[in-house]
Novice: 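Pasting a structure below so you can have a look.
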Amino acid sequence: MSKVLIIGAGGVGGVVAHKCAQATGVITAITLASRTESKCRAIAAQIEFPVATAQVNADNVPELIALIEREKPKLVINVALPYQDLTIMDACLATGVDYLDTANYEPLDTAKFEYSWQWAYQDRFKEKGLMALLGSGFDPGVTNVYTALAAKKYLDEVHEIDIIDANAGNHGQPFATNFNPEINIREVTAPCRHWENGQWVETAPLATKQNFDFPEGIGPMNIYRMYHEEMESLVKHIPSIKKAQFWMTFSDNYLKHLEVLQNVGMTRIDEVEYNGQKIVPLQFLKAVLPDPGSLGPLTKGRTCIGVIARGIKDGKKKQVYIYNICDHEACYREVKSQAISYTTGVPAVVGAIMMLTAKWRGEGVFNMEQFDPEPFLEKLGSMGLPTVVVDGGEWAELT
Ligand code: NDP
């Protein structure tokens, strides 16, 4: 009997609930809890498998402990917001339950993306014989596993990685983000950092641009270099990596809106006084932008997310490109979500399956590249996200 408790009923939480319900051989009971229980009930109503629902404020550790003690899950899947990572980890420690998430902890008042806060739980999880799996989404998540696959199977030494995330879809809205707008805009407007020769190199946000020709008919798109959290764990756990960069596609239209919003102060994350009330402009902006969940039925096109790894094989320079292509409309037909939520939610469930079946097991706090990539990718493919490997080919350095 493996019961899971999912916390967070947004775009990703919906996909996780749908996909847990498909994993009947492993997951036998599901509770979906979030701040607004009506959102949990709406998701549960879409799913034939019984999904129990609950209300919880995941910023409050005693509330979380009471919920976990009542539900008695084997694993907590955290798909609320990064701000809740530490409180949920604390509650898991207090109740003796394993933990999984898809995004690293961020303090509410600084857009600072780093694993230090969660890696600091290593000894406490280890002492209790518990496992925490961090960043089991697509990026971070599958991109870490792709890099581990390159290191295990295709290269003797990985020297450079370029993680490239393309959303070649279109939702037809003037401006909207594909996942939580607050988290998305904090990430995109942060200074860029990439890893080069043993140190982080900081540049202005989105200042470095390339044109990349995506496979399978997607074609050329502009990609922009930015910081992304998986690079921090990858360069720690695969120390042969000398250079790591992360790139994402943005349309000219998205960038135009973002620039204006920044210029007028709407992306600020500090409090401002308005009519005697304190508001955070970015949180207000989130309230007026389209809910990413509402984009599901509108979004057409595909995503292409992957890793180009370059290094040495049998003494020769070699490159491998490992990627997945996912179709927004097919995702919506299957689980009522677009591909951004789908590509995050499916790996979360595959990570959960790896933990519940002990294919991935350890005591302490782990990142995805620390485990065998092959059983994960096999399961990921059968659950809807197949892996394509282009082994060899032209050395395509992105600078
Ligand atoms: P949404 O904003 O759609 O959903 C977040 C959910 O968390 C909402 O149901 C929200 O409740 C709930 N929530 C927020 N605060 C609390 C709280 N204090 N207590 C209980 N519930 C709370 O976000 P997404 O579904 O788009 O994203 C979910 C997570 O996935 C985020 O951490 C995001 O960073 C991560 N992500 C990871 C990716 C990856 O590839 N690794 C890619 C995309 C996202 P309410 O409805 O009441 O606001």
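The chain is numbered in sequence order, starting from 1. When a ligand or atom number is given, it counts from 1 through the structure's own listing order. Just so it is clear, the structure is predicted and the values come from calculations on it, not from any experiment.
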Novice: For ligand 1, list the protein residues that place a heavy atom within a distance below 4.0 Å of one of its atoms, sorted by chain and number.
Specialist: Gly8, Ala9, Gly10, Gly11, Val12, Ser34, Arg35, Thr36, Lys39, Val56, Asn57, Ala58, Asp59, Val79, Ala80, Leu81, Pro82, Gln84, Thr102, Ala103, Gly137, Phe138, Asp139, Pro140, Phe179, Asn180, Ile183, Thr344
Novice: Applying the 4.5 Å side-chain criterion to the ILVMFWY set and letting contacts propagate, would Phe366 and Val76 be lumped into a single cluster?
Specialist: no
Novice: Indicate whether the side chain of His257 and that of Glu259 have a donor and an acceptor atom separated by less than 3.5 Å.
Specialist: no
Novice: Restricting to non-hydrogen atoms, name the atom on Lys126 and the atom on Glu363 that form the minimum distance, rounded to 0.1 Å.
Specialist: CG-O, 3.6 Å
Novice: Among Asp59, Leu108, Ile183, find the one that has a side chain to side chain contact (heavy atoms under 4.5 Å, CB included) with Leu81.
Specialist: Ile183
Novice: On a heavy-atom basis, which atom in Gly10 and which in Ile43 lie closest, and how many Å separate them?
Specialist: O-CD1, 4.2 Å
Novice: Is it true that Asn78 and Tyr99 share a donor-acceptor pair across their side chains at a distance under 3.5 Å?
Specialist: yes
